[in-house]
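Down below is the structure, laid out as structure tokens.
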Amino acid sequence: MDPRLTEDKNKKLIEIKKTANLGGGQKRIESQHAKGKFTARERISMLLDENSFEETDSLVTHRSNEFGLDNQKFLGDAVVTGFGLINDRLVFVYAQDFTVLGGSLSEAVSEKICKIMDLAIQNGAPIIGLIDSGGARIQEGIDSLSGYAKIFQRNVIASGVIPQISVMMGPAAGGATYSPALTDFIFMVEGTGQMYITGPDVIRAVTSEEISHEDLGGSHMHTQLSGVAHFSFQDEEITLQKVRQILEYIPQNNMEEPLVSENVEIQPSEMLNEIIPDNPNEPYDMLSIINEIIDEDSIFQVHENFAKNIIVGFSRIAGQSIGIIAQQPEHLAGSLDVDASIKAARFVRFCDAFNIPLITFIDVPGFLPGVEQEKSGIIRHGAKLIYAYAEATVPKISILTRKAYGGSYIVMSSKNLNGDMNLAWPTGEIAVMGAEGAVNIIHKKDVTESKSPSDLKKELISDYEDKFMNPYVAASRGLIDDVILPSDTRNKIIKSLQMLQNKRQNFPPKKHGTMPL
Ligand code: HXC
């Protein structure tokens with residue numbers, strides 16, 4: 001082969017690209033498959049529209065010659081980067097390649113990731129990271145650590161500008177978990193996705209707690225207990241399909257509106273008029289109400305298995321993307337606790353950053369009482385939700401189905417937190433607290449001194465209920481804009497969204513607020 005001839009040069013390029021495509025080589029690809037995992041390139045092709053991937057930096061290699069790395073220079077190093085399409089819309093993507101030195105992060109890997117993040121930010125399109133990595137490349141020391149810092153810095157610059165999604169498809173240990181943690185949504189593959197700060201050996205040495213590597217930081221822990229991750233699905237293919245799906249609800253960047261899909265006419269749901277139980281303490285499924293109002297099968301729940309007393313998720317109404325926040329009376333009577341407050345506050349802020357209107361369904365008896373909640377800082381965390389709603393300038397519509405008591409009435413998108421359209425069903429009750437609790441406090445003396453305390457108490461409770469346990473007092477003060485028949489809810493939301501479509505609201509300029517984190 002004469003390397004000066006054009007044909008030979010082209011052949012050489014094809015050979016180089018072939019080698020680059022093999023990442024860490026055939027043997028390591030097989031060992032990746034044996035672990036039940038796909039390779040970085042296979043994952044990218046499952047994620048993107050067919051044949052839409054354009055790879056960048058496939059010829060980059062690391063520059064370290066320490067600890068035997070001079071003999072392990074793989075083309076592309078341990079990450080595959082590039083851009084492509086999801087449902088015909090541009091996205092940027094990086095996929096860590098575990099077949100190359102365990103997907104570990106070298107200086108060169110971090111430079112590739114930063115480059116693709118910069119392109120995503122400058123071109124206003126989502127960035128998706130497929131994570132499968134042993135963390136900082138141990139042989140590179142500080143160069144690797146500073147590489148992480150460069151990525152974190154970009155995560156923060158991109159926050160609220162473009163959607164950022166992380167998909168955990170293998171290990172993520174130590175500080176390496178923090179780039180995903182800085183992104184908007186974390187998806188985990190059940191069984192293989194793993195996130196932890198300290199490994200089993202360190203935990204054992206410091207706390208004497210025994211934990212196996214398999215049990216540490218998996219999808220169960222993070223989607224149900226810690227709330228670190230938002231979604232988990234049973235395998236890589238389904239997880240990547242779900243990433244495609246969530247993007248349908250979200251605009252490309254903060255300067256765009258979400259896509260509007262076809263408006264399908266739906267008949268008003270008469271069953272809503274009978275769905276609230278007569279007994280105020282009887283639970284019901286708020287999701288079944290929501291499903292009668294939104295476009296068919298359009299709910300995409302976020303954090304579905306974490307803090308189940310509140311439902312948050314994307315949906316559509318008349319084809320328009322909306323963010324739903326709703327109490328779930330089937331769990332903890334729909335009360336607000338620490339986890340529910342944080343879950344909802346974060347979702348409200350995401351929707352506000354990306355121009356997605358907020359629809360809030362309210363049935364909240366109050367903040368969850370208890371010493372544990374107080375110790376965990378329910379005051380500080382509850383304040384986050386107030387802050388998030390008060391700060392949000394997207395259209396805010398609320399529907400009161402039953403209770404809105406005390407501070408929790410105020411929190412949930414109330415009129416004086418700049419709620420745009422506050423609607424109530426006839427079953428709505430707005431009060432400082434439940435009738436019995438109220439009578440116990442304000443009529444304590446009357447009842448104890450009465451000849452027939454229980455009769456008097458009953459009478460006083462009924463008086464209080466007549467006066468306050470309805471939506472009409474609030475409506476008479478304009479704090480509820482209208483009391484509506486439940487079957488009219490869909491229609492009222494659609495009309496309100498149309499009215500609010502050009503909403504503009506500005507607050508005084510500032511560097512940033514000091515949210516109670
Ligand atoms: C260099 C690494 C590596 C790393 C794995 N490898 N992690 N090389 N730096 N961090 C290499 C292994 O030597 C091995 O090479 C190949 O990748 C595959 O690894 P295995 O151990 O064979 O795979 P597996 O059994 O699946 O275990 C995966 C693993 C384990 C759980 C991730 O490799 C592991 O514990 N790695 C170290 C994790 C870690 O402590 N990282 C540093 C975290 S601190 P060969 O050639 O033998 O196949 C950190 C700080 C970041 O990341 C701070 C940011 C602010």
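Remember, it's 1-based here, ligands and their atoms both numbered in the order they're listed.
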Begin with the C-alpha distance, continue with both residues' side-chain angles, and end with the deciding distance and a verdict on side chain to side chain contact (heavy atoms under 4.5 Å, CB included) for Arg316 and Ile322.
CA-CA 6 Å; Arg316 280 200 196 81; Ile322 52 173; 5.7 Å; no
Collect the protein residues that have a non-hydrogen atom under 4.0 Å from ligand 1 and hand them over in chain and number order.
Arg28, Lys35, Phe98, Leu101, Gly102, Ser104, Gly134, Gly135, Ala136, Arg137, Ile138, Gln139, Leu145, Tyr148, Phe152, Pro171, Ala173, Gly175, Ala176, His213
Determine whether a donor-acceptor pair (N or O, by modelled atom type, separation under 3.5 Å) exists between the side chain of Ser341 and the backbone of Asp337.
yes
Does Lys112 use its side chain to pair, donor to acceptor, with the backbone of Asp57 at less than 3.5 Å?
yes
For the residue pair Gln234 and Thr239, establish whether any side-chain heavy-atom pair is separated by less than 4.5 Å.
no
So Phe300 and Tyr249, would you call those rings parallel, tilted or perpendicular, with 30° and 60° as cut-offs?
tilted
Cation-aromatic face contact Lys242/Phe231, 6.0 Å, 45 degrees
no
